[in-house]
Amino acid sequence: MLQDVVITGDNGTINGQGSVWWDWFSSHTLNHSRPHLVEIVSSKDVVVSNLTFVNSPAYNIHPVYCSNVHIHNISVSAPPESPYTVGIVPDSSNNVCIQDCSIGMGYDAIVLKSGWDEYGIAYGRPTTNVHIRRVQLQSSSGSSLAFGSEMSGGISNVLVEQVHLYNSLSGIQFRTTKGRGGYIRNIIISDVKMENIGVAFGASGQFGSHPDDHFDPNALPVLDHISLQDVIGTNISIAGKFTGIKESPFTSFCLSNISLSISSGSSTNSWVCSNVSGFSDSVFPEPCSALKSSHSNSSSACFSIQTLNGKAVAL
């Protein structure tokens, strides 16, 4: 294990020169995975700051099996057409703070992960205690902010606040599928500004592939206690698309104080829901009936999530 790892500079640039890798990937001529620009493994007390990262072959910053990671004041970018380029990827790591960053990618801007199917279940290291704030995120073909779909070790206790999501296919997306196991829970996302977004909120139980045929199809993931609040969106095509898993429905989604302006010419069905349940208050356009529970226990669950995360992940 490395300790006290610092990668910083006076806004210098690290260029991954990824175009040749993108061409190889798109032409299916690679026999192995693409390299990442910065990958930090099994380390503690990590700082990445005051730098610009451009044109990574795949991921830009990938802390995996790390603790106490602080990423701040960086800029990350890749061309819109770059295939599956991703900005920051905390993976099976804990006590992570990402703040004051600007990220524009071909695929996801920030995505949290924690292991893939039976391998992630066996290793069992979650991504937990994460604080993301004051970031500007753009994603051409993926999501500005995503969770999963590799989440077999679990993702929990995440606080996201003061974020600007723009010009993206998806704003905020939760991803999983049968065989993953694991969980995504105790998430609060607040104070969000969205502009020019395809799907503002998404949660899918049919997302992603498997590393091999040895996964357990009965390893069902759990998504619950997820709070989305204080969101303003303009030029949104679809407000929300939630498609859970029949055998393991998504539960306790809490939506409050959300106002989305749906773009003209978009589908009149602003919300799509199946195998999901939750609570909502002061949400426009009005969500699907599965997210309109007004029972007191649903409302109190939303409040308890906020209290928990405010204490657990503020770094």
Side-chain angles (χ1 to χ4, degrees), residues 18 22 25-26 34 54-61 75-90 98 101-113 132 135-151 155 160 163-177 184 187 189 192-209 223 226 228 231-244 250 253 255 258-274 276 285 287-288:
W22 306 334
F25 179 85
S26 298
R34 294 174 292 173
V54 298
N55 300 331
S56 173
Y59 298 173
N60 280 267
I61 302 173
S75 175
V76 187
S77 64
E81 67 276 8
S82 58
Y84 294 97
T85 51
V86 182
I88 302 175
V89 190
I98 302 170
C101 297
S102 177
I103 305 172
M105 303 307 301
Y107 196 57
D108 296 333
I110 295 177
V111 56
L112 278 58
K113 299 179 180 288
I132 300 170
V135 293
Q136 299 187 63
L137 308 178
Q138 183 271 328
S139 159
S140 297
S141 62
S143 185
S144 299
L145 175 65
F147 298 75
S149 72
E150 302 90 337
M151 37 66 70
I155 299 172
V160 181
V163 297
H164 179 204
L165 316 180
Y166 65 100
N167 298 350
S168 299
L169 181 65
S170 174
I172 299 167
Q173 190 172 45
F174 302 88
R175 307 163 173 166
T176 189
T177 191
I184 301 175
I187 313 294
I189 301 173
V192 180
K193 179 181 179 181
M194 293 188 181
E195 297 175 292
N196 308 323
I197 302 290
V199 180
F201 309 113
S204 174
Q206 300 81 35
F207 196 105
S209 59
L223 267 70
I226 295 171
L228 308 169
V231 181
I232 296 177
T234 57
N235 197 27
I236 308 297
S237 297
I238 298 174
K241 189 173 183 180
F242 297 83
T243 55
F250 301 162
F253 268 81
L255 284 63
I258 295 173
S259 178
L260 303 175
S261 175
I262 304 302
S263 56
S264 60
S266 296
S267 170
T268 56
N269 189 7
S270 296
W271 295 85
V272 177
C273 301
S274 62
V276 64
C288 46

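Along the sequence shown, residues carry numbers from 1.
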Review point. What closest approach, in Å, do Ile184 and Arg175 show between heavy atoms, and which atom pair accounts for it?
Key: CD1-O, 4.1 Å

Review point. Taking atom CD1 of Ile236 and atom OG of Ser263, what is their separation to the nearest 0.5 Å?
Key: 8.0 Å

Practice item. Identify the two heavy atoms, one from Gly208 and one from Thr177, that lie closest to each other, and give their separation to 0.1 Å. Key: O-CG2, 4.3 Å

Point to revise | Distance, nearest 0.5 Å, that separates CD1 of Ile155 from CD of Glu150 | key: 9.0 Å

Revision key, fill the gap. Only one of Val163, Ile189, Ile103 passes side chain to side chain contact (heavy atoms under 4.5 Å, CB included) with Leu145, and that residue is Ile189

Practice item. Please lay out, stage by stage, how Phe147 and Leu112 fare under the test side-chain contact (heavy atoms from CB on, under 4.5 Å). Key: CA-CA 5 Å; Phe147 298 75; Leu112 278 58; 4.0 Å; yes

Practice item. Can you measure from CD1 (Ile110) to CD1 (Ile132) and round to the nearest 0.5 angstrom? Key: 4.5 Å

Review point. Does a salt bridge link Lys113 with Asp108, judged by any charged N lying under 4.0 Å from a carboxylate O?
Key: no

Exercise for review: For residues Val272 and Lys241, determine if any side-chain heavy atom of one lies less than 4.5 Å from a side-chain heavy atom of the other.
Suggested key: yes

Exercise for review: Name all residues meeting the side chain to side chain donor-acceptor pair (under 3.5 Å) criterion together with Ser140; count only those two or more places apart in sequence or in a different chain, and write none if there are none.
Suggested key: Gln138

**Study point:** Test side-chain contact (heavy atoms from CB on, under 4.5 Å) applied to Ala203 - qualifying residues, sequence neighbours left out
**Key:** Phe174, Phe242, Phe250, Phe253

Practice item. Considering non-hydrogen atoms only, spot the tightest contact between Ile262 and Pro285 and give its length. Key: CG1-CG, 3.9 Å

Point to revise | Polar side-chain atom of Trp22 near backbone of Tyr84 as donor-acceptor pair, under 3.5 Å | key: no

Practice item. I would like to know whether Cys101 and Val135 meet side-chain contact (heavy atoms from CB on, under 4.5 Å); could you show each step before the answer? Key: CA-CA 5 Å; Cys101 297; Val135 293; 4.1 Å; yes

Check your understanding: Any side-chain heavy atom of Tyr59 sitting closer than 4.5 Å to one from Tyr107?
Key -> no

Revision key, fill the gap. One should read off an interatomic distance between Ile88 CD1 and Ile98 CD1, to the nearest 0.5 angstrom, of 4.5 Å

Review point. Between the side chain of Ser270 and the main-chain N/O of Ala239, is any donor-acceptor distance below 3.5 Å?
Key: no

Practice item. Could you give me the CA-CA distance, side-chain angles and deciding distance for Val192 and Phe201, then say whether side-chain contact (heavy atoms from CB on, under 4.5 Å) is met? Key: CA-CA 12 Å; Val192 180; Phe201 309 113; over 6 Å; no

Point to revise | Non-hydrogen side-chain atoms of Asn55 and Pro79 separated by less than 4.5 Å | key: yes

Review point. If you measure from CE on Met194 to CG on Leu165, what distance do you get to the nearest 0.5 Å?
Key: 5.0 Å

Review point. Who are the side chain to side chain donor-acceptor pair (under 3.5 Å) partners of Glu81, not counting sequence neighbours?
Key: none

Check your understanding: Among all residues two or more places apart in sequence or in another chain, which pass the side chain to side chain donor-acceptor pair (under 3.5 Å) test with Ser144?
Key -> Ser168

Point to revise | Flag side-chain contact, heavy atom, 4.5 Å: Gln173 against Val199 | key: no

Exercise for review: Would you list the pairs meeting side-chain hydrogen bond (donor to acceptor under 3.5 Å, both in side chains) in which at least one residue belongs to residues 192-204, sequence neighbours left out?
Suggested key: His164-Glu195, Asn167-Asn196, Asn196-Asn235

Point to revise | Distance in Å, Ser143 OG paired with Ile197 CD1, rounded so as to fall on 0.5 Å steps | key: 8.0 Å

**Study point:** Atom of Leu169, atom of Ser141 and distance for their closest heavy-atom approach
**Key:** CD2-O, 3.2 Å

Practice item. Output all residues satisfying side chain to side chain donor-acceptor pair (under 3.5 Å) with Ser139, sequence neighbours left out; order by chain, then residue number. Key: none

